[in-house]
There are 2 protein chains.
Amino acid sequence: MFKSNYMHSFTEENYLKTIYHLSTTNSLVVSTNQIAEITNTKAASVTDMLKKLSDKKLINYIRYQGVTLTENGKNAALNIIRKHRLWEVFLVEKLGFKWDEVHDIAEELEHINSEMLINRLDDFLGNPSADPHGDPIPDRKGAIQQKKMIRISEMNQSECGIISGVSEHSSIFLKLLDKLGLTLGTHVLVREKIEFDGSVIIQINEQIDQTISRELAKNILIML
Amino acid sequence: MFKSNYMHSFTEENYLKTIYHLSTTNSLVVSTNQIAEITNTKAASVTDMLKKLSDKKLINYIRYQGVTLTENGKNAALNIIRKHRLWEVFLVEKLGFKWDEVHDIAEELEHINSEMLINRLDDFLGNPSADPHGDPIPDRKGAIQQKKMIRISEMNQSECGIISGVSEHSSIFLKLLDKLGLTLGTHVLVREKIEFDGSVIIQINEQIDQTISRELAKNILIML
DNA sequence: TTATTTTTTTAGACTAATCTAAAAATTTAA
DNA sequence: TTAAATTTTTAGATTAGTCTAAAAAAATAA
Ligand SMILES: [Mn+2]
Ligand SMILES: [Mn+2]
Ligand SMILES: [Mn+2]
Ligand SMILES: [Mn+2]
């Protein structure tokens with residue numbers, strides 16, 4: 001078993017992951033302040049770390065201009081995300097955790113360093129393609145197959161589909177979805193879109209109708 | 001779920017575990033140099049840490065006189081050992097690792113902090129009482145049931161028993177035991193003790209006879 | 001296009017964990 | 001019971017990651 005990639009510290013890994021998430025959800029180029037906000041640090045600390053990651057050739061960094069991940073940096077980030085999501089599957093599928101309970105534990109487990117471990121875990125779980133929140137799991141080469149999903153708020157009247165993901169991962173949000181029966185795999189049909197407040201009336205699993213707020217509709221992802 | 005014990009750093013946890021192991025295998029009182037050797041640090045660094053652990057009331061420390069664990073320190077150490085051994089069981093039983101491959105990974109996993117996680121893992125594994133090396137697993141209260149075992153080197157001629165543990169955990173030693181068929185659960189009968197070099201002729205599983213060196217005989221533990 | 005606001009970086013300091021070298025205490029040996 | 005050797009502690013530095021305050025650059029507004 002040979003060591004293919006360099007070791008990065010716990011902290012460096014968290015920065016890389018943060019930059020990856022920001023660059024895929026917002027603009028490709030990520031700013032110092034954005035990173036500071038997510039990592040709960042100050043801009044000055046971020047600047048220090050950006051210099052270090054740049055020295056290690058994990059990011060492309062020009063003063064005052066924001067950063068992007070290099071190929072190496074992107075691979076490192078994807079590997080951490082792979083580990084995070086596989087551990088989340090393990091916690092839910094094997095240990096019986098709820099989907100709103102696993103994130104914090106996975107934040108710790110994602111830093112365990114063993115390629116053999118994570119590949120065997122992957123096999124043990126049956127090589128899942130998505131985590132408990134519907135997020136895709138990169139394969140051992142870092143390839144990620146993004147499914148096309150739209151938010152309920154973007155659906156048209158009488159369109160239907162299956163709940164396949166969420167764009168908000170807080171415990172309070174996920175527990176609410178549980179309560180409303182809006183878990184992954186649920187069939188949703190848009191009955192009516194209320195223009196006044198952005199709320200949406202949906203039919204759940206071809207049975208009851210329910211009104212959900214715009215906030216909810218914006219954060220539930222549907223595969224048509 | 002309430003937080004019962006304070007958080008300790010990764011490093012503090014490793015010192016506590018080291019002190020526990022030294023105080024149970026050697027004398028109760030542990031010296032600075034012993035700790036330095038196991039933790040791969042220098043005596044000066046150990047002294048610094050001992051002051052910190054003493055301030056936190058995890059050890060009883062008097063300058064120049066060595067340390068013992070307090071009740072809190074012992075509980076913290078046992079909790080880490082519990083996690084280490086449960087993870088080792090998981091790696092072997094669920095992911096198919098060999099007993100010589102799991103220690104280093106468990107050294108990382110033992111620092112994951114979640115009581116809920118470890119208790120669920122315990123249940124998932126069927127509440128095992130020993131790890132893959134035969135070492136007892138403390139229960140969730142820290143209680144440990146030590147089985148009485150003796151080394152092959154201490155057995156008398158024509159005594160027999162079951163291999164139930166090892167007192168050496170290096171990969172090279174464990175792989176050798178595999179090769180010789182001396183894994184946990186193997187039945188051993190002492191045929192003859194060679195005085196000249198301390199080697200022992202044993203019968204394995206009521207079948208073939210084999211001569212093992214004193215070094216081997218000293219590190220294999222038997223339950224009579 | 002100049003002035004104001006916002007963002008980012010630098011300067012200097014702090015903490016945890018480590019080190020080397022030297023001093024102090026303890027143990028062992030003569 | 002004194003001298004020598006060993007062990008342990010202190011003193012003073014170093015590194016990673018963080019902070020606050022101030023300076024510099026960029027973006028926005030007048
Ligand atoms: Mn997560
Ligand atoms: Mn997830
Ligand atoms: Mn081990
Ligand atoms: Mn073990």
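Here the structure is a predicted model, which is why all the values come from computation and not from measurement. Below, read A as the first sequence line, B as the second, and so on, with proteins coming before strands; counting in each chain starts at 1.
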Measure the distance from [atom1] on [X] to [atom2] on [N] and round it to the nearest whole Å.
{"X": "B/Gln65", "N": "D/dT7", "atom1": "CD", "atom2": "P", "value": "16 Å"}
{"X": "A/Lys51", "N": "D/dT18", "atom1": "NZ", "atom2": "P", "value": "15 Å"}
{"X": "B/Tyr64", "N": "D/dT6", "atom1": "OH", "atom2": "C1'", "value": "12 Å"}

Would you classify A/Phe10 as touching base, sugar-phosphate or nothing, given that sugar-phosphate means primed atoms plus P, OP1 and OP2, and contacts are heavy atoms under 4.0 Å? nothing
Taking only side-chain nitrogens and oxygens of B/Arg63, does any of them come within less than 4.0 Å of OP1 or OP2 of D/dT10? yes
Does OP1 or OP2 of C/dT18 have a side-chain N or O of B/Tyr15 closer than 4.0 Å? yes
Pairing residues for B/His21 by the ring pair (Phe, Tyr, Trp, His ring centres under 6.0 Å) criterion, not counting sequence neighbours: none
Any B/Tyr15 side-chain heavy atom under 4.5 Å of B/Val67 side chain: no
Out of C/dC19, C/dA25, C/dT9, which has the shortest distance to the side chain of B/Asp48? C/dC19
Could you walk me through whether A/His133 and A/His169 pass the ring pair (Phe, Tyr, Trp, His ring centres under 6.0 Å) test, one step at a time? CA-CA 8 Å; A/His133 313 100; A/His169 293 74; 5.2 Å; yes
Give the residues of residues 27-45 of chain B touching DNA chain D, defined as any heavy atom closer than 4.0 Å, sorted by residue number. B/Ser31, B/Thr32, B/Asn33, B/Ala43, B/Ala44
Strictly below 4.0 Å, heavy-atom distances to any atom of DNA chain D: list the hits from residues 54-62 of chain B, or just say none. B/Tyr61
Ring-face cation contact, B/Phe124 with B/Lys94, 6.0 Å cut, 45° max: yes
Indicate whether the side chain of A/Asn60 and that of A/Thr70 have a donor and an acceptor atom separated by less than 3.5 Å. no
B/Glu159 and B/Lys193 ion-paired at < 4.0 Å: no
With a 4.0 Å cut-off, would you call A/Asp122 and A/Arg140 a salt bridge? yes
Test A/Glu110 against every option in A/Arg82, A/Arg85, A/Lys17 by the salt bridge (charged side-chain N to carboxylate O under 4.0 Å, His left out) rule and name the one that passes. A/Lys17
